[in-house]
A.B. asks: 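What follows is a structure written as structure tokens; I'll ask about it next.
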Amino acid sequence: QEKMNFMINSTLHYVVKEQNGIVLKYEQIFQRDFYSNGSPNDFEWELTNETKKIAGMLCKHAVVKNKNILLNVWYTEEIPVAMGPVNYFGLPGLVVWSEDFFLTTEIEGVKYIDDVDFNELKKRLIDEFNKSKKGKEIKESLLIVKKAELVKSMISQMK
């Protein structure tokens with residue numbers, strides 16, 4: 001069996017949550033801009049009994065029930081915030097590790113700071129998103145499916 005290695009040119013620029021719970025994301029894949037939005041109802045999670053320590057925190061494993069989407073996460077209930085990287089939220093704790101078709105993200109640690117004006121930063125990112133999306137906005141759940149199709153197509157072409 002041949003081992004294939006390839007790198008997807010993908011950059012996640014930012015993810016920001018609006019007051020209404022909608023999460024906005026801007027990323028580039030192969031230098032093409034993607035503006036997506038998502039909500040807690042986008043993914044149905046299957047919580048497993050697996051546990052492990054990540055960054056000193058006890059974490060639990062969850063996967064998306066839709067088997068066409070490679071998406072699994074580790075979350076910790078030690079930080080009871082139903083958020084995480086990208087649009088991976090709605091779990092009973094902070095997502096500290098995630099893997100999808102393009103990105104693997106892992107937390108290195110948690111640091112609490114008081115001197116950042118998160119409201120101003122959030123407002124600036126939301127304004128930038130709304131100004132830049134120009135009809136290119138897509139639902140996050142659809143974007144993930146399209147990413148999966150792209151990776152599957154690339155793998156079949158490489159064989």
A.B. asks: Are more than 12 heavy atoms, taken from residues, nucleotides or ligands other than Asn20, located less than 6.0 Å from that residue's CG atom?
C.D. replies: yes
A.B. asks: Please report the C-alpha distance between Asn66 and Glu44 in whole Å, then the side-chain angles of each, then the deciding distance to 0.1 Å, and finally whether the side-chain contact (heavy atoms from CB on, under 4.5 Å) criterion is met.
C.D. replies: CA-CA 8 Å; Asn66 181 341; Glu44 190 176 352; over 6 Å; no
A.B. asks: Is the closest side-chain heavy-atom distance between Ile54 and Glu106 below 4.5 Å?
C.D. replies: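 Yes, their side chains come closer than 4.5 Å.
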A.B. asks: Can you tell me if Lys123 has over 12 outside heavy atoms packed within less than 6.0 Å of its NZ?
C.D. replies: no
A.B. asks: Flag yes if Val63 and Leu71 sit in one hydrophobic cluster, no otherwise; membership is Ile, Leu, Val, Met, Phe, Trp, Tyr, and two members link when side-chain heavy atoms are under 4.5 Å apart.
C.D. replies: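 Each belongs to a different hydrophobic cluster.
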A.B. asks: List the atom of Ala82, the atom of Leu91, and the distance in Å for their closest heavy-atom pair.
C.D. replies: CB-O, 3.2 Å
A.B. asks: With Phe34, which residues qualify under ring-ring contact (aromatic ring centres under 6.0 Å, His included), at least two apart?
C.D. replies: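 ring-ring contact (aromatic ring centres under 6.0 Å, His included) list for Phe34, sorted by chain: empty.
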A.B. asks: Do you reckon Val16 sits in the same ILVMFWY cluster as Phe129, going by side-chain contacts under 4.5 Å, direct or chained?
C.D. replies: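 Yes; Phe129 is reachable from Val16 via cluster members.
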A.B. asks: Start with the C-alpha gap between Glu50 and Lys52, add the side-chain angles, then the distance that decides, and say whether salt bridge (Lys or Arg N to Asp or Glu O under 4.0 Å) holds.
C.D. replies: CA-CA 7 Å; Glu50 293 178 73; Lys52 73 176 179 178; over 6 Å; no
A.B. asks: If I take atom CD1 from residue Ile29 and atom CG from residue Leu12, how far apart are they, to the nearest 0.5 angstrom?
C.D. replies: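 Spacing of CD1 (Ile29) from CG (Leu12) equals 10.0 Å.
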A.B. asks: About how many Å separate CG of Asn37 and CD of Glu140, when rounded to the nearest 0.5 Å?
C.D. replies: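 Going from CD on Glu140 over to CG on Asn37, the span is 8.5 Å.
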A.B. asks: Does Thr76 use its side chain to pair, donor to acceptor, with the backbone of Leu58 at less than 3.5 Å?
C.D. replies: yes
A.B. asks: Working to the nearest 0.5 Å, report the span between CG of Leu24 and CD1 of Ile22.
C.D. replies: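 Result: 8.0 Å between the selected atoms.
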A.B. asks: When rounded to the nearest 0.5 angstrom, what is the spacing between CG in Asn130 and CD in Glu137?
C.D. replies: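 Answer for the CG-CD pair, Asn130 versus Glu137, is 7.5 Å.
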A.B. asks: To the closest 0.5 Å, what do you measure between NE2 (His61) and CH2 (Trp45)?
C.D. replies: 9.0 Å
A.B. asks: Show the atom names and distances, to 0.1 Å, of all donor-acceptor pairs under 3.5 Å that link a side chain in residues 96-103 to residues at least two apart or in another chain.
C.D. replies:
unit_1	atom_1	unit_2	atom_2	d
Glu99	OE1	Asn72	ND2	3.0
Asp100	OD1	Phe102	N	2.7
Asp100	OD1	Leu103	N	2.7
Asp100	OD2	Tyr88	OH	2.5

A.B. asks: With a 4.5 Å heavy-atom cut-off, do Tyr35 and Ser132 have their side chains touching?
C.D. replies: yes
A.B. asks: Between Tyr75 and Pro92, is there a side-chain heavy-atom distance shorter than 4.5 Å?
C.D. replies: yes
A.B. asks: List the atom of Glu78, the atom of Gly56, and the distance in Å for their closest heavy-atom pair.
C.D. replies: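 So the minimum-distance heavy-atom pair works out to OE1-O, 4.5 Å.
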A.B. asks: So do the side chains of Met57 and Ile79 get within less than 4.5 Å of each other, counting heavy atoms only?
C.D. replies: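 Yes; the side chains approach each other to less than 4.5 Å.
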A.B. asks: Kindly confirm or rule out a cation-pi arrangement of Lys60 over Trp74, judged by NZ or CZ under 6.0 Å from the six-membered ring centre and within 45° of its axis?
C.D. replies: no
A.B. asks: Under the rule for salt bridge (Lys or Arg N to Asp or Glu O under 4.0 Å), what residues qualify as partners of Glu120, not counting sequence neighbours?
C.D. replies: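 Expected list: none.
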A.B. asks: State whether the number of non-hydrogen atoms from other residues, nucleotides or ligands found under 6.0 Å of Lys146 atom NZ is greater than 12.
C.D. replies: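 Incorrect, the count does not exceed 12.
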A.B. asks: Apply side-chain contact (heavy atoms from CB on, under 4.5 Å) to Val15 and Val23, showing your working.
C.D. replies: CA-CA 7 Å; Val15 178; Val23 175; 3.2 Å; yes
A.B. asks: Taking atom CZ of Arg124 and atom CG of Asn119, what is their separation to the nearest 0.5 Å?
C.D. replies: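 Rounded to the nearest 0.5 Å, the CZ-CG separation comes to 13.0 Å.
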A.B. asks: Does Thr11 reach the main-chain N or O of His13 with its side chain, forming a donor-acceptor pair under 3.5 Å?
C.D. replies: no
